[in-house]
Amino acid sequence: MTVIQKKADNPIAHLSAEDIEIIGKELDAIRDRVIADRGERDARYIRKVIKTQRTLEISSRAVLLFSLFPPAWIVGTAGLTVAKILDNMEIGHNVLHGQWDWMRDPKIHSTTWDWDHVSPADQWKQSHNELHHRYTNVVGKDNDLGYGIMRVDEDQPWHPMHLGQPVWNLLNAAFFEYGIAAYDMELGDHLKQKRLKDPKFRAKAKAVGRKIRKQVLKDYVVHPLLSGPSFLSTLAATFTANLIRNVWSHSVIMCGHFPSGVETFEKTSIEGETRGEWYLRQMLGSANISGPRLLHIMTGNLSFQIEHHLFPDLPSNRYQEIAPQVRALFDRYGLRYTTGPLPKQVASAWWKVIRLSLPNRRDRRQPVAPGPLVPSGAA
């Protein structure tokens with residue numbers, strides 16, 4: 001893998017500038033149809049998911065009060081894990097994207113929602129919504145591309161420290177919410193530049209500290225204490241639920257951005273980028289996961305990562321509905337729609353992490369002069 005502009009077989013070389021803008025207009029039309037049609041059935045969907053999640057969390061925590069008994073521990077831990085995944089993926093991530101702001105319900109709004117996560121909502125929205133989605137897979141601009149701790153493209157210089165990136169990635173998966181919080185407040189950059197006393201950074205750090213204390217108090221102090229004799233087993237159950245939730249979230253996100261077939265881009269390629277070119281970058285810089293409806297719900301419908309990156313503010317329950325239309329557009333213009341089962345996509349993503357932890361093989365590099373996203377010679 002290397003940035004698309006340096007590939008010998010550029011997958012968009014056959015497209016003209018006019019083709020790209022037509023693709024953009026067709027995607028705009030898909031979006032407009034969904035916006036015109038969204039209404040009560042969408043509102044019922046998100047309210048049902050929220051009610052299900054809250055019922056599952058409360059009942060699971062109640063069962064864990066008796067977690068000293070193995071059956072109660074298993075049932076409670078499983079239920080709490082699912083509740084935490086639903087809270088983060090299908091509810092929190094999508095509410096904070098503003099997908100449900102059109103309902104004008106102050107209880108389900110991106111400006112008021114708080115989630116079961118150590119990253120403060122406002123910091124996450126700034127780093128994810130405003131930066132990642134704007135600069136999807138642009139090397140040097142999209143910090144979500146490897147979260148600043150991994151080499152994710154052959155065009156990036158290799159350093160011996162990259163040998164450890166499979167280990168860093170595994171640790172990041174286990175404690176993903178803490179990694180996201182550190183990333184959201186740009187901890188790495190401030191450490192490198194020795195700007196830990198910067199007032200803006202200190203304010204962000206304090207906000208993260210408050211959120212961590214809140215989460216730790218709820219999960220590892222109050223709830224276990226309420227369990228009385230089951231204190232230690234409830235503590236272990238909560239830790240297990242958080243661990244599984246973190247690994248699941250990390251895996252889903254890896255599948256959306258790292259598998260074979262996902263493209264990366266040069267910073268120069270987005271200078272003067274048109275709407276059609278932005279759409280094309282989202283199409284090529286994302287990958288889907290195939291599977292049943294339950295899988296899609298548990299991924300927060302990020303199993304339709306392509307559709308999500310094209311339309312991040314559309315209700316998540318609509319992604320499966322519009323996916324065939326988007327895929328037909330890919331086919332019509334000779335573009336690869338990257339998708340596959342969860343095990344295949346996870347394995348592909350991890351293989352890339354491992355492969356790029358090593359220096360490039362000389363026979364893999366094919367130097368081609370860099371160029372813009374729009375094919376050479378296009379108007």
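What you are looking at is a predicted structure, and each value in this text was computed from that prediction instead of being measured.
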Donor-acceptor check, side chain of [X] to backbone of [Y], threshold 3.5 angstrom: yes or no?
X      : Y      : answer
Tyr319 : Gln305 : no
Arg151 : Leu356 : yes
Ser16  : Asp19  : yes
Trp248 : Met298 : yes
Thr299 : His296 : yes

Looking only at side-chain N and O atoms, does [Y] offer a donor or acceptor that is under 3.5 Å from a partner on [X]?
X      : Y      : result
Glu154 : Asn360 : no
Thr136 : His309 : yes
Thr111 : His109 : yes
Thr264 : Asn137 : no
Asn88  : Ser249 : no
Tyr178 : Asn172 : no

**OP:** Indicate yes or no: does Glu263 engage Arg281 in a salt bridge with an N to O separation below 4.0 Å.
**Re:**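 Looking at Glu263 and Arg281, the cut-off is not met.
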
Original post:
Does the distance from a Lys or Arg side-chain N to an Asp or Glu carboxylate O, for Glu57 and Arg61, drop under 4.0 Å?
Top reply: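 Salt bridge present between Glu57 and Arg61.
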
[X] versus [Y]: any side-chain heavy-atom pair under 4.5 Å?
X      : Y      : value
Ile91  : Trp115 : no
Val252 : Ser303 : no
Asn288 : Glu307 : yes
Met185 : Gln123 : yes

**OP:** Apply ring-ring contact (aromatic ring centres under 6.0 Å, His included) to the pair Phe330 and Tyr337, showing each step before the final yes or no.
**Re:** CA-CA 6 Å; Phe330 272 72; Tyr337 187 89; 5.0 Å; yes

**OP:** Please name the pair of heavy atoms, one in Pro106 and one in Thr112, separated by the smallest distance, quoted to 0.1 Å.
**Re:**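 Heavy atoms of Pro106 and Thr112 come nearest at O-OG1, 2.5 Å.
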
Original post:
Atom CG of Leu280 and atom CD of Glu273: how far apart are they, to the nearest 0.5 Å?
Top reply: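 Interatomic distance, Leu280 CG to Glu273 CD, rounded to 0.5 Å: 9.0 Å.
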
Original post:
Would the His117 and His93 ring centres measure less than 6.0 Å apart?
Top reply: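 Not under 6.0 Å, so no.
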
**OP:** Not counting sequence neighbours, list each pair that qualifies as a salt bridge (charged side-chain N to carboxylate O under 4.0 Å, His left out) and has a residue in residues 68-85.
**Re:**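 Counting only pairs at least two positions apart or across chains, the salt bridge (charged side-chain N to carboxylate O under 4.0 Å, His left out) contacts touching residues 68-85 are Lys84-Asp116, Lys84-Asp219.
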
